[in-house]
Amino acid sequence: MRALVFEHFGAELSVQDVPSPHVPADGVIVKVLATGLCRSDWHGWIGHDTGISLPHVPGHELAGVVVEVGKDVKSIAIGERVTTPFVCGCGTCDPCRNGNQQICDHQSQPGFTHWGSFAEYVAIEHADVNIVKLPTSIADETAATLGCRFITSYRAIVDQGKVREEQKVAIHGCGGVGLSAIMIANALGAEVIAIDIKEDRLALAKKIGASSTINAVDVKDPVSEIIEWSKGGVDVSMDALGSQATCFNSIASLRKQGKHLQTGLMTDDHQHPRIPMDQVIAKELEILGSHGMQAHRYPEMLKMIESGKLSPQMLVQKTISIEEAAMALPSMGQFEHSGVQIINRFT
């Protein structure tokens with residue numbers, strides 16, 4: 001099969017002919033029809049994920065059709081259109097038995113623990129736990145936006161943040177995660193303010209549901225601006241970027257008993273950020289993480305997409321070939337793009 005491969009961290013990527021994956025006894029082989037480029041793939045390529053073995057095929061946001069089924073799989077058939085969360089559960093550990101496959105003790109992640117979806121075919125383990133069947137009304141490119149950014153934001157906003165109508169919500173960082181969060185919070189009836197440093201991203205944030213925006217380059221104190229806009233602080237705030245500054249600002253912009261959601265990955269010097277713990281105590285703030293979403297939570301989200309209440313297809317900036325992805329993936333570290341790039345051409 002053709003796949004996008006890197007042989008050293010941070011080195012050139014190339015399209016190569018490599019062996020197709022073997023079907024696990026409890027898994028499936030999916031022919032990839034569309035797959036999203038995500039900043040998490042960039043982190044893996046750089047070497048921030050030490051669990052990756054080289055050479056490696058990245059890619060973890062996918063939509064496709066099942067072409068092989070393992071002998072122990074009970075609920076998936078050849079020919080079904082499917083997707084999967086980027087965190088796949090084992091189905092037997094304590095978190096999985098409690099319905100929390102997104103924090104599985106033995107999780108697998110296509111594009112990280114094994115070769116991923118920047119290829120014609122990808123293997124998914126524990127298919128009965130992890131495979132999500134797609135409605136015919138949702139296009140492959142739309143489905144490929146869901147598996148990391150959109151589901152992470154959906155669980156953060158809906159399950160962790162419990163955002164509700166008329167609440168004030170701040171989203172720090174308008175990449176794929178942040179834009180998804182803005183759309184979801186707006187669909188729930190919240191009023192959203194978006195913070196970023198690029199005007200094109202802020203314009204897209206307004207288009208998909210932000211009622212107000214702040215360009216953090218143009219204002220001296222974004223926190224004060226947010227507090228003034230929300231008349232005392234927001235109910236829920238998300239750091240969708242993952243930096244010292246955005247994490248601090250997110251927590252500092254909360255009203256009493258507000259919730260901070262950390263979805264942006266914290267790497268290198270940002271892993272242990274300085275936070276306003278005095279405010280956490282005095283205001284009884286909550287600090288919550290969100291790490292993907294379980295396959296069994298997809299149906300509610302898919303119904304919202306089918307009804308038009310959520311429109312993740314609006315996040316798709318452009319579609320590209322697997323050859324073009326060899327250049328596009330390294331450039332993700334420069335935050336050049338607004339919206340999501342989707343690979344949908346493999347030959």
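Just so it is clear, the model here is predicted, and its values are computed rather than measured.
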Would you say the side chain of L204 lies within less than 4.5 Å of the side chain of Q317, judging by non-hydrogen atoms?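 Not touching, per the 4.5 Å side-chain cut-off.
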
Looking at [Y] and [X], is there a salt bridge between them, counting it only when a charged N and a carboxylate O are closer than 4.0 Å?
{"X": "R297", "Y": "D159", "value": "yes"}
{"X": "K256", "Y": "E284", "value": "no"}
{"X": "K133", "Y": "E80", "value": "yes"}

Test side-chain contact (heavy atoms from CB on, under 4.5 Å) applied to [X] - qualifying residues, sequence neighbours left out:
{"X": "V69", "result": "V28, V66, V73, I78"}
{"X": "H22", "result": "none"}
{"X": "A203", "result": "none"}

Show your reasoning for whether salt bridge (Lys or Arg N to Asp or Glu O under 4.0 Å) applies to R345 and E324. CA-CA 10 Å; R345 301 187 296 281; E324 290 172 311; 3.2 Å; yes

Side-chain H-bond candidate by donor/acceptor type, [X] with [Y], under 3.5 Å:
{"X": "H172", "Y": "N249", "answer": "no"}
{"X": "S75", "Y": "D128", "answer": "yes"}
{"X": "E68", "Y": "Y121", "answer": "no"}
{"X": "E199", "Y": "N215", "answer": "yes"}
{"X": "S250", "Y": "H260", "answer": "yes"}

Kindly write out the residues that satisfy ring-ring contact (aromatic ring centres under 6.0 Å, His included) with F112, not counting sequence neighbours, or none if the list is empty.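 Only H60 meet the ring-ring contact (aromatic ring centres under 6.0 Å, His included) criterion with F112.
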
Report the residues that fulfil ring-ring contact (aromatic ring centres under 6.0 Å, His included) with H114, sequence neighbours left out, ordered by chain and then residue number.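 If we apply the ring-ring contact (aromatic ring centres under 6.0 Å, His included) test to H114, skipping adjacent residues, there are no hits.
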
Report whether I197 and V177 are members of the same hydrophobic cluster (ILVMFWY, side-chain heavy atoms less than 4.5 Å apart, transitive linking).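 Different clusters: I197 never reaches V177 through Ile, Leu, Val, Met, Phe, Trp or Tyr contacts under 4.5 Å.
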
For the student: nearest non-hydrogen atoms of Q101 and C96, plus distance: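 Result for this residue pair: NE2-O, 3.4 Å.
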
For H291 versus Q109, what's the shortest heavy-atom pair and its separation?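 The answer is CE1-NE2, 4.1 Å.
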
Pairs in or reaching into residues 85-101: which pass salt bridge (charged side-chain N to carboxylate O under 4.0 Å, His left out), with residues at least two apart or in two chains?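 Checked against salt bridge (charged side-chain N to carboxylate O under 4.0 Å, His left out) - neighbours excluded - the pairs reaching residues 85-101 are D94-R97.
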
Rounded to the nearest 0.5 Å, what separation is found between the OG atom of S180 and the CD1 atom of I157?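 Atom-to-atom, S180:OG and I157:CD1 are 10.0 Å apart.
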
